[in-house]
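It should be emphasised that the depicted structure is a prediction, and the values quoted were computed from it without experimental measurement. All chains are named by letter (A, B, ...) in the order of the sequence lines, taking the proteins before the strands, and each is independently numbered beginning at 1.
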Amino acid sequence: MPEGHTVHRVARLFGALFVGRTIEASSPQGRFSQGAASISGRSIVAVDAVGKQLFMDLDNDLIVRVHLGIYGAWDVTTHPDNAEVAQVLTSLGAPRSRARRFGEWEGDHDAPDVFPPPPVGQVRLRLVADDVVADLRGPTACEVITREQADAIRHRLGPDPLVMTGARGQRVFTERLLATKRPIGLVLMDQSVVAGIGNVYRAEILFRHRLDPYRPASAHSPEVAGALWKDWGSLLRDGIATGVMLTRDDLSPSERKKALRSAQNRHWVYKREGKECRVCGSVVAMDVMSARKLYYCPSCQAS
DNA sequence: TCACAATGAACAA
DNA sequence: TGTTCCTTGTGAC
């Protein structure tokens, strides 16, 4: 799940739960003790996401940057009295089967009766604001940086449809996409070309536009680039709204509702190698491209 | 109990 | 292109 939509959801949730509040920060695991100490007791003034990067601004001009990578995830638990959010989101990030909510462990006699509950596993960073706790595990990056350093990171990222809105985002994306002869399947994953797309969205977007992943990015028209940009924007917004990467647009409303819950039948080609293409019936392929699994339909996506 | 995969990216060579 | 780092859950034994 840690593609762009997840990080925007975290930013949105943290905006509601933490912004304007004083936080106690710690590193139960110990690997971020110094960083936690430098922000503990401060208040969070803003949280925002660019691509897969999360930035939390503190009132002492320091910024916490978090990148979940493949494994990273946030677990957020609220005290039952917290009324800020109607529904608490847990396990935001890498797939975790066990979603927990304080006071709502069904059939779990080990449920803690204290708040905040004791950290479970390798918690790099714990943020507590009296009635809400967020635990971060397994991030690729978690560091305290300056405004200048944060700006440098933002600058090297490609456009994110929710950050660079309007025509400018499409223009920058199109320029960068068409400027390279590298396979388009690689370029869509390049965070300096477009921010937030990961392995699932990469495969699904290419299929939705019936594009050959191996075709040079530069071989495409500005019109195709524009369509890709708009599609990524709508997929991202939908992913943020639902919390799910549901990339099929051929489902009936009831099928869609089911797919949002079941984790089955959400994708055109992702993790469907060896199965029949939903459009043409030929066998979905899987190649390893630059150490990542690339799923595609060799027939629908032939150039 | 153990190997392995996983929605990522930095780095070396 | 290959290696390394980060952590957890699963499915095979």
Are A:Asp287 and A:Tyr296 close enough, and set up right, to give a side-chain hydrogen bond (donor to acceptor under 3.5 Å, both in side chains), and what steps lead you there?
CA-CA 9 Å; A:Asp287 297 352; A:Tyr296 65 103; 2.8 Å; yes
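A:Arg124 comes within 4.0 angstrom of the backbone, heavy atoms only, and of no base. Note on A:Arg31: only backbone sugar-phosphate atoms sit closer than 4.0 angstrom, heavy atoms only; bases stay farther off.
Taking atom CG of residue A:Asp190 and atom C1' of nucleotide B:dA10, one finds them 13 Å apart after rounding to whole Å. Across the protein-nucleic acid pair, A:Ile70 atom CD1 and C:dT7 atom P stand 14 Å apart, rounded to whole Å. Nucleotide B:dT7 holds its C1' atom 14 Å from the CG atom of A:Leu235, rounded to whole Å. Atom-to-atom, OH of A:Tyr201 to P of B:dT7 comes out at 14 Å; the value is rounded to the nearest Å. In this structure, the CH2 atom of A:Trp268 is 21 Å from the P atom of B:dT7, given to the nearest Å. Atom CD in A:Gln29 sits roughly 13 Å away from atom C1' in C:dT8 (whole-Å rounding). Counting to the nearest Å, the C1' atom of B:dT7 and the CD atom of A:Gln191 are 12 Å from each other. Across the protein-nucleic acid pair, A:Asn199 atom CG and B:dA9 atom C1' stand 13 Å apart, rounded to whole Å.
Among B:dA9, C:dT7, B:dA6, the nucleotide with an atom closest to any side-chain atom of A:His67 is B:dA9. For A:Tyr270, whose side chain is taken as the heavy atoms from C-beta onward, the closest listed nucleotide among B:dG8, C:dT7, B:dA6 is B:dA6. Of the listed nucleotides (C:dT8, B:dT7, B:dG8), B:dG8 has the atom at the smallest distance from the side chain of A:Met189. Listed nucleotides: C:dT8, B:dG8, B:dT7. Nearest to the side chain of A:Lys271: B:dT7. Ranking C:dT8, B:dA9, B:dG8 by closeness to the A:Arg137 side chain, first place goes to C:dT8. Counting only heavy atoms from C-beta on, A:Lys293 has its side chain closest to B:dA6 among B:dG8, C:dT8, B:dA6. Relative to the side chain of A:Val200, the nucleotides B:dT7, B:dA6, B:dG8 differ in distance, and B:dT7 lies closest.
Distance noted for atom P between B:dT7 and C:dG11: 16 Å (whole Å). Between the P atoms of C:dT4 and B:dC4, the separation comes to 16 Å (whole Å). The P atoms of C:dC13 and B:dA5 are separated by 14 Å, rounded to the nearest whole Å.
Residue A:Gln122 places none of its side-chain N or O atoms closer than 4.0 Å to OP1 or OP2 of C:dT8. Here A:Lys52 reaches the OP1 or OP2 of B:dA9: one of its side-chain N or O atoms lies under 4.0 Å away. At B:dA10, one or more side-chain N or O atoms of A:Arg156 fall inside 4.0 Å of OP1 or OP2 (strictly under the cut-off). Between A:Arg292 and B:dT7, a side-chain N or O to OP1/OP2 separation shorter than 4.0 Å is present.
The closest side-chain heavy-atom distance from A:Arg156 to A:Ile153 is below 4.5 Å. Residues A:Ile205 and A:Ile197 form a side-chain contact, since some pair of their non-hydrogen atoms from C-beta on lies under 4.5 Å apart.
Here the straight-line distance linking atom OG1 of A:Thr22 with atom CD1 of A:Ile44 works out to 9.5 Å at 0.5 Å rounding. We find the CG-CG distance between A:Asp238 and A:Leu246 to be 7.0 Å, quoted to the nearest 0.5 Å.
A distance-only check finds a donor-acceptor pair linking the side chain of A:Arg208 to the backbone of A:Thr247 [under 3.5 Å].
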